[in-house]
There are 2 protein chains.
Amino acid sequence: MLSMKCKYALKALVVLAAEGTKLPSSAIAQKARVPAKFLEAILTDLRKADALTSERGAHGGHKLKGSPEKIMLGHVVRAMDGMLAPIPCASTFYYKKCDDCTDEKICVIRHAMTEVRNKIAEVLDSMSLEDLVNMSPKKKQQLFW
Amino acid sequence: MLSMKCKYALKALVVLAAEGTKLPSSAIAQKARVPAKFLEAILTDLRKADALTSERGAHGGHKLKGSPEKIMLGHVVRAMDGMLAPIPCASTFYYKKCDDCTDEKICVIRHAMTEVRNKIAEVLDSMSLEDLVNMSPKKKQQLFW
DNA sequence: ATTAATTCATATAAATTCAATAGGAATTGA
DNA sequence: TCAATTCCTATTGAATTTATATGAATTAAT
Ligand code: FES
Ligand code: FES
C-alpha cells in the first residue's frame with residue numbers, strides 16, 4: 001500500500017514537473033490538493049531524497065532537482081515508503097532477514113514475492129515524472145487528477 | 001506490504017498442500033513455524049475465504065478445500081490483506097474513490113498505479129499453491145523455508 | 001531596521017492498524 | 001466423562017500513519 005505521504009509526494013512532484021518553475025509549498029499544496037502543513041514535511045523528505053532543491057526566505061520555494069525524465073517513480077516511492085517488495089526478504093534496497101525462516105535460499109514464499117517485487121520495480125523504475133505528466137490527457141490545462 | 005498474517009496464511013496453506021491430509025492447527029503451527037494462537041484466527045479466515053474446510057472435536061483439523069493447483073496466491077492475499085493494488089482507486093476487487101482527486105479518469109497517479117496493480121495481479125493470480133510447493137528444491141523433505 | 005514571506009526543526013496527538021494472547025464455549029470421538 | 005480440538009469474543013501493547021502546532025532561521029523588499 002502506498003501511504004498518503006507517498007501519494008502526496010508524487011502529486012507535488014508532478015506539479016513541479018509540469019510547472020517547471022520554483023514554487024512555494026503553499027502554492028504546491030493548493031495545486032496538488034494536499035494538506036499544506038503535511039506537505040511541508042514531505043517536501044523536506046523529498047529534498048533529502050535529492051528530488052528537489054529548496055530556497056528559504058521571501059521568494060523562496062521548491063524546485064525539481066534535475067529534469068523530470070530523470071526522476072523515477074521507484075526512487076520517490078522508496079524514499080517515502082521504503083521497499084517496493086511485498087516482504088523485506090525480497091527487497092533489494094531494504095533487505096531484512098525473516099525470523100521465521102531458517103533457509104531463505106529455498107524459501108518458496110520469498111521466491112514468489114521476489115517475482116512480485118521485480119515486476120513492481122520494473123514498472124516504477126522505468127516510469128519518470130515526465131512520463132506521468134505526459135500521461136495526462138489534460139496536461140495543457142494542468143489537470144492531473 | 002504483506003502482513004505477517006498473510007505470510008503465515010501462505011505458509012499454513014503450503015504445509016496443507018504438501019501434506020495433503022487433514023491436520024490440527026497445532027501441527028500446522030509447528031510445521032509452518034507460526035505462533036499457534038495467531039494461526040487459529042488465520043485458519044478461521046481461510047475457511048471463510050473458502051480455502052479450506054475444518055472439522056471440530058477430537059481428530060478434528062483443517063484440510064485444503066479443493067486441489068492445490070486451484071488455489072491461487074492472489075485469492076489468499078486478497079482474503080488476508082485486501083487489495084493487491086498500491087492504492088484503492090486502482091483496485092478492481094476493493095475499489096474505493098480518492099477524496100483528493102476530482103476526476104479519476106484522468107488521474108495520472110491512478111493510471112500509473114493501475115499498471116503496477118495489473119503486474120502484481122498477473123503474478124499472484126497465476127501462481128497456485130501447487131506451484132509454490134513445486135518451487136521448493138527440498139519439497140520431498142518438506143522443507144520450504 | 002522592519003516587515004512579510006518563506007523554509008526548517010521539533011514536538012505532539014489522535015486514529016488506525018498490526019501482531020498477538022487470553023479465556024472459555026461448543027463440538028466430537030474414544 | 002474425558003481429551004482434543006475448533007470456534008468465538010475480548011483485550012492488549014506496540015507501532016505506524018496522518019496529520020497539526022509552535023516557533024526559529026532565513027531572505028527579499030520597503
Ligand atoms: S525468507 Fe522471507 S518469507 Fe521465507
Ligand atoms: S484517483 Fe486515486 S490517486 Fe487520483
Side-chain angles (χ1 to χ4, degrees), chain A residues 1-12 16 21-30 32-49 51-65 77 79-83 86-88 94 96 98-100, chain B residues 1-12 16 21-30 32-49 51-65 77 79-83 86-88 94 96 98-100:
Chain A
M1 255 288 268
L2 225 58
S3 65
M4 284 301 128
K5 177 180 168 186
C6 187
K7 181 178 169 179
Y8 293 161
L10 290 170
K11 286 194 167 188
L16 286 172
T21 67
K22 178 176 63 185
L23 284 177
S25 76
S26 56
I28 302 175
Q30 205 190 1
R33 310 187 81 241
V34 152
K37 203 61 187 167
F38 193 13
L39 179 64
E40 264 190 51
I42 293 169
L43 290 169
T44 297
D45 286 346
L46 286 173
R47 181 172 43 75
K48 286 177 186 160
L52 49 79
T53 58
S54 311
E55 281 172 33
R56 321 175 99 197
H59 303 320
H62 308 270
K63 195 169 175 263
L64 269 201
K65 184 170 183 180
V77 173
M80 295 300 108
D81 285 358
M83 66 183 179
I87 202 168
Y94 297 84
K96 196 166 166 294
C98 284
D99 289 327
D100 55 324
Chain B
M1 255 289 268
L2 224 59
S3 65
M4 284 301 128
K5 178 180 166 185
C6 187
K7 182 178 168 178
Y8 294 161
L10 290 170
K11 286 195 166 188
L16 285 172
T21 66
K22 178 175 64 183
L23 285 176
S25 77
S26 56
I28 302 174
Q30 206 191 0
R33 311 186 81 240
V34 153
K37 202 62 185 168
F38 194 12
L39 180 64
E40 264 189 50
I42 293 169
L43 291 168
T44 297
D45 286 346
L46 286 172
R47 182 173 42 77
K48 286 176 186 160
L52 49 79
T53 58
S54 311
E55 280 172 35
R56 322 174 99 197
H59 304 318
H62 307 272
K63 195 168 175 263
L64 270 201
K65 185 170 180 179
V77 174
M80 296 299 108
D81 285 358
M83 66 183 180
I87 201 167
Y94 295 85
K96 197 166 165 292
C98 285
D99 289 328
D100 56 324

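For the numbers below, each heavy atom of this structure counts, side chains included, while hydrogens, waters and symmetry mates do not. Reminder, nothing fancy here: chain letters follow the sequence lines and each chain counts from 1.
First and last contacting nucleotides of DNA chain D toward chain A (any atom under 4.0 angstrom from a heavy atom, 5' to 3' order): D:dT18 to D:dA29.
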N/O donor to acceptor pairs below 3.5 angstrom from side-chain atoms of residues 21-29 of chain B, sequence neighbours left out:
{"from": "B:Lys22", "atom 1": "NZ", "to": "B:Glu55", "atom 2": "OE1", "distance (Å)": "3.1"}
{"from": "B:Lys22", "atom 1": "NZ", "to": "B:His59", "atom 2": "O", "distance (Å)": "3.1"}

Side-chain donor/acceptor pairs under 3.5 Å, residues 1-11 of chain A, sequence neighbours excluded:
{"from": "A:Ser3", "atom 1": "OG", "to": "A:Cys6", "atom 2": "N", "distance (Å)": "3.1"}
{"from": "A:Ser3", "atom 1": "OG", "to": "A:Asp81", "atom 2": "OD1", "distance (Å)": "2.6"}
{"from": "A:Ser3", "atom 1": "OG", "to": "A:Asp81", "atom 2": "OD2", "distance (Å)": "3.4"}
{"from": "A:Lys5", "atom 1": "NZ", "to": "A:Asp45", "atom 2": "OD2", "distance (Å)": "2.9"}
{"from": "A:Lys7", "atom 1": "NZ", "to": "B:Asp100", "atom 2": "OD1", "distance (Å)": "2.8"}
{"from": "A:Lys11", "atom 1": "NZ", "to": "B:Asp100", "atom 2": "O", "distance (Å)": "3.0"}
{"from": "A:Lys11", "atom 1": "NZ", "to": "B:Asp100", "atom 2": "OD2", "distance (Å)": "3.1"}

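Atom CG of A:Leu16 is separated from atom CG of A:Leu46 by 9.0 Å, given to the nearest 0.5 angstrom. Taking NE2 from A:His62 and CG from A:Leu43, the interatomic distance works out to 4.5 Å, rounded to the nearest 0.5 Å.
Rounded to an integer number of Å, the gap from B:Lys7 NZ to C:dC18 P is 16 Å. Per the geometry, CG belonging to A:Asp45 stands 11 Å off P belonging to C:dC8, to the nearest Å. Distance, B:Ile42 CD1 to C:dC18 P: 13 Å, rounded to whole Å. Computed from coordinates, the B:Glu40 CD to C:dG24 P distance equals 15 Å when rounded to whole Å. For the pair A:Arg47 CZ and C:dT7 C1', the interatomic distance rounds to 8 Å; values are reported in whole Å. Summarising the geometry, the separation between NZ on A:Lys48 and P on C:dT7 is reported as 15 Å, rounded to the nearest angstrom. Across the protein-nucleic acid pair, A:Asp99 atom CG and C:dA19 atom P stand 13 Å apart, rounded to whole Å. Regarding A:Lys37, its NZ atom lies at a distance of 17 Å from the P atom of C:dA13, rounded to whole Å.
Smallest separation of non-hydrogen atoms from B:Arg33 and A:Asp99: NH1-O, 4.2 Å.
When the nearest nucleotides of DNA chain D are assigned to A:Leu2 and B:Leu43 by heavy-atom distance, the more 5′-ward of the two goes with B:Leu43. Toward the 5′ end of DNA chain D lies the nearest nucleotide of B:Ser25, the other residue of the pair B:Ser25 and A:Pro35 mapping further downstream.
For DNA chain D, the neighbouring residues in residues 52-63 of chain B, judged by any heavy atom under 4.0 Å, are B:Ser54, B:Glu55, B:Arg56, B:Gly57, B:Ala58, B:Gly61, B:His62.
The side chain of B:Tyr8 places an N or O atom within less than 4.0 Å of a non-bridging phosphate oxygen (OP1 or OP2) of C:dA20. Within the structure, every side-chain polar atom (N or O) of B:Ser3 is placed at least 4.0 Å from both OP1 and OP2 of C:dC18.
Considering only residues two or more places apart in sequence or on other chains, A:Arg56 meets the side chain to side chain contact (heavy atoms under 4.5 Å, CB included) condition with none of them.
Base pairing in DNA chain D gives the following stems of 3 or more Watson-Crick or G-U pairs, range against range and under 3.5 Å: C:1-30 with D:1-30.
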Exercise. Going through the distances and angles, do B:Lys48 and B:Thr44 end up as a side chain to side chain contact (heavy atoms under 4.5 Å, CB included)?
Worked result: CA-CA 6 Å; B:Lys48 286 176 186 160; B:Thr44 297; 4.0 Å; yes
